[in-house]
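Chain naming here is simple, since letters A, B, ... match the order of the sequence lines and numbering starts at 1 in each. These figures come from a predicted structure and were not determined experimentally.
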There are 2 protein chains.
Amino acid sequence: MADVKSPANPLFLREEELRQGIEMLFFAYRDFTGEPDAMLARIGLGRAHHRVVYFVGRNPGITVSELLAILKITKQSLSRVLSHLVAEGYIVQRPGLSDRRKRMLELTAKGVELEQMLTDRQRKRFAAAYRAAGAEAVQGFRRVLRDIIDIDDRHRFPEVSALPPGPGKR
Amino acid sequence: MADVKSPANPLFLREEELRQGIEMLFFAYRDFTGEPDAMLARIGLGRAHHRVVYFVGRNPGITVSELLAILKITKQSLSRVLSHLVAEGYIVQRPGLSDRRKRMLELTAKGVELEQMLTDRQRKRFAAAYRAAGAEAVQGFRRVLRDIIDIDDRHRFPEVSALPPGPGKR
DNA sequence: TTTTTACGTCAGCCATGTTGACATTTCCCT
DNA sequence: AGGGAAATGTCAACATGGCTGACGTAAAAA
């Protein structure tokens, strides 16, 4: 029963490998959110606002229910954040074209500016990591991360096709 | 300046690539935490408890300040969660050996059981993703994720060395 | 016309983060 | 030996962002 840390024990290696993955995801997310959080705090907003601004910016015209499906929170939780962003002029709502019950959400110029400022740090973090790791590692990264996501949301990310196994840079 | 990506519109592709990375990290973390959260809710605990139980289980004898350095929350926030876990018999505290001001934290049998149950789902999620993606992709995943973590915490994760292209049955 | 859908809103609860102030025990240095 | 610093705990108050439940309205669909 003793969990002997034998290097010849494949089960131990596997367990260690998985635990490290779990921890890296925790640390990465912790640091990934840290910088925007600090900026948001200065203007009286929170991480939830960033998420909304991000996904509205990324999907102009997105409806409330589509946003809910992405965030996986209740409409009441979203409402608090979203109405504040509308009131502050970061987001505008317009009735849907084919279905006027829907509210199409879009960033205002002010919203775009905010989104840019917030996401900029995260983009730079990724850019540095991608550059340091190289294209092949990035492909592996995407492949694994995609498979960690629940199956019903993987469609949001195209599968990475196999690169020709070139011997390095090209 | 070695951004040899696409001859067509490298800036756009790069932006898209980075945004997808950001989003995948969001979705992965959302789903990664979802299952344990549901279990925790049933026994009156929260995600914060899971984090504490996880890192104490992973680092038996860890001190409060080491835990704080990992979680990056205030001692008051930790205190609330930790004292509850101690009161409920998931964790025991013992004075440090060389420095008796420190409190060495350890899981009880009950704590181990809880940790196993919670982390089990996450481990399985990673195991499935790792298996589906293959050893090379996992290496890239680790490489990139490690570089996303703030530099002062990267030491927690060994750099991935090139694997010998063994007769892997993955 | 009736029902369903998409969205909004009010009210209250809970978990978990924050700041600030202060107490205790123990270690370390002069 | 004495005094400051360190590691930890604690109390109180507050903010954020989740949640449930109940109810309302406009528009689409049946």
Side-chain angles (χ1 to χ4, degrees), chain A residues 26 29-30 33-34 36-56 61-88 91-105, chain B residues 26 29-31 33-34 36-56 61-88 91-105 118:
Chain A
F26 165 76
Y29 196 78
R30 183 200 67 176
T33 52
D37 281 1
M39 279 184 264
L40 287 155
R42 276 179 236 126
I43 53 175
L45 299 179
R47 189 182 299 179
H49 301 91
H50 185 192
R51 291 202 273 252
V52 170
V53 165
Y54 180 90
F55 284 109
V56 170
I62 190 175
T63 67
V64 169
S65 38
E66 286 165 347
L67 204 43
L68 287 175
I70 288 176
L71 301 175
K72 287 212 182 149
I73 59 177
T74 60
K75 64 173 178 177
Q76 294 93 327
S77 296
L78 174 59
S79 173
R80 190 164 35 200
V81 174
L82 179 56
S83 39
H84 186 236
L85 288 170
V86 170
E88 297 291 322
I91 289 181
V92 286
Q93 299 173 309
R94 301 191 312 181
L97 304 174
S98 59
D99 186 338
R100 284 186 312 197
R101 287 172 304 178
K102 299 184 180 176
R103 305 289 183 93
M104 295 176 56
L105 307 174
Chain B
F26 164 77
Y29 196 78
R30 183 200 68 176
D31 294 340
T33 51
D37 281 1
M39 279 185 262
L40 286 155
R42 276 178 237 127
I43 53 175
L45 299 178
R47 191 183 298 180
H49 301 90
H50 185 192
R51 290 203 272 253
V52 171
V53 164
Y54 180 90
F55 284 109
V56 170
I62 191 176
T63 67
V64 169
S65 38
E66 286 165 345
L67 204 43
L68 288 175
I70 289 176
L71 301 175
K72 288 214 181 141
I73 59 176
T74 61
K75 64 174 177 174
Q76 295 94 325
S77 296
L78 173 58
S79 173
R80 189 165 33 202
V81 174
L82 179 56
S83 38
H84 186 235
L85 289 170
V86 170
E88 296 290 323
I91 288 181
V92 285
Q93 297 173 310
R94 302 191 313 178
L97 302 175
S98 58
D99 185 340
R100 282 186 314 197
R101 288 173 304 180
K102 299 183 179 174
R103 303 290 184 93
M104 295 175 57
L105 307 175
L118 292 174

| request: Would you indicate, yes or no, if C:dT5 has its OP1 or OP2 atom less than 4.0 angstrom from a side-chain nitrogen or oxygen of A:Ser65? | output: no

| task | Would you kindly give the CZ-to-C1' distance between B:Arg94 and D:dA7, to the nearest whole Å? | result | 18 Å

| field | Note, B:Leu85 side chain near B:Val56 side chain (heavy atom, < 4.5 Å) | value | no

| note | B:Ile62 CD1 to D:dA7 P, in whole Å, measures 14 Å

| Which heavy-atom pair separates B:Gly46 from B:Leu40 by the least distance, and what is that distance? | O-CD1, 3.4 Å

| task | Could you check if a side-chain atom of A:Ile62 sits within less than 4.5 angstrom of a side-chain atom of A:Ile70, using non-hydrogen atoms only? | result | yes

| said: When you compare the side chain of B:Leu45 with that of B:Glu88, does any pair of heavy atoms fall below 4.5 Å? | reply: no

Name the atoms and distances for all side-chain donor-acceptor pairs under 3.5 Å in residues 72-80 of chain A, with sequence neighbours left out.
unit_1: A:Thr74; atom_1: OG1; unit_2: A:Ser77; atom_2: N; d: 3.3
unit_1: A:Thr74; atom_1: OG1; unit_2: A:Ser77; atom_2: OG; d: 3.0

| Integer-rounded Å distance: C:dG8 P and A:Met104 CE | 14 Å

| query | In whole Å, what is the span from the CZ atom of B:Arg103 to the P atom of D:dT8? | reply | 8 Å

| query | Would you say A:Thr63 and A:Asp99 make side-chain contact, with heavy atoms under 4.5 Å? | reply | no

| message | Quick one, B:Leu118 and B:His49 - any side-chain contact, counting heavy atoms below 4.5 Å? | response | no

| Could you give the CD-to-C1' distance, from B:Gln93 to D:dT10, as a whole number of Å? | 13 Å

| task | Residues of residues 69-85 of chain A with any non-hydrogen atom less than 4.0 angstrom from an atom of DNA chain C: list those, numerically ordered, please. | result | A:Lys75, A:Gln76, A:Ser79

| request: For DNA chain D, find the residues of residues 40-52 of chain A with a heavy-atom distance under 4.0 Å and give them by number; none if there aren't any. | output: A:Gly46, A:Arg47, A:Ala48, A:His49, A:Arg51

| Does the gap between the ring centers of B:Phe55 and A:Phe26 come in under 6.0 Å? | yes

| said: Does B:Arg101 contact C:dT25 through a side-chain donor or acceptor facing the base, at a distance under 3.5 Å? | reply: no

| said: Output the rounded distance in Å from NZ (A:Lys102) to P (D:dA28). | reply: 11 Å

| field | Value in whole Å for how far the C1' atom of C:dT16 lies from CG of A:Asp37 | value | 13 Å

| field | Nearest-nucleotide 5' precedence on DNA chain C, B:Asp99 against A:Glu66 | value | A:Glu66

| message | Is the ring pair B:Tyr29/A:Tyr29 parallel, tilted or perpendicular, if the boundaries are 30 and 60 degrees? | response | parallel

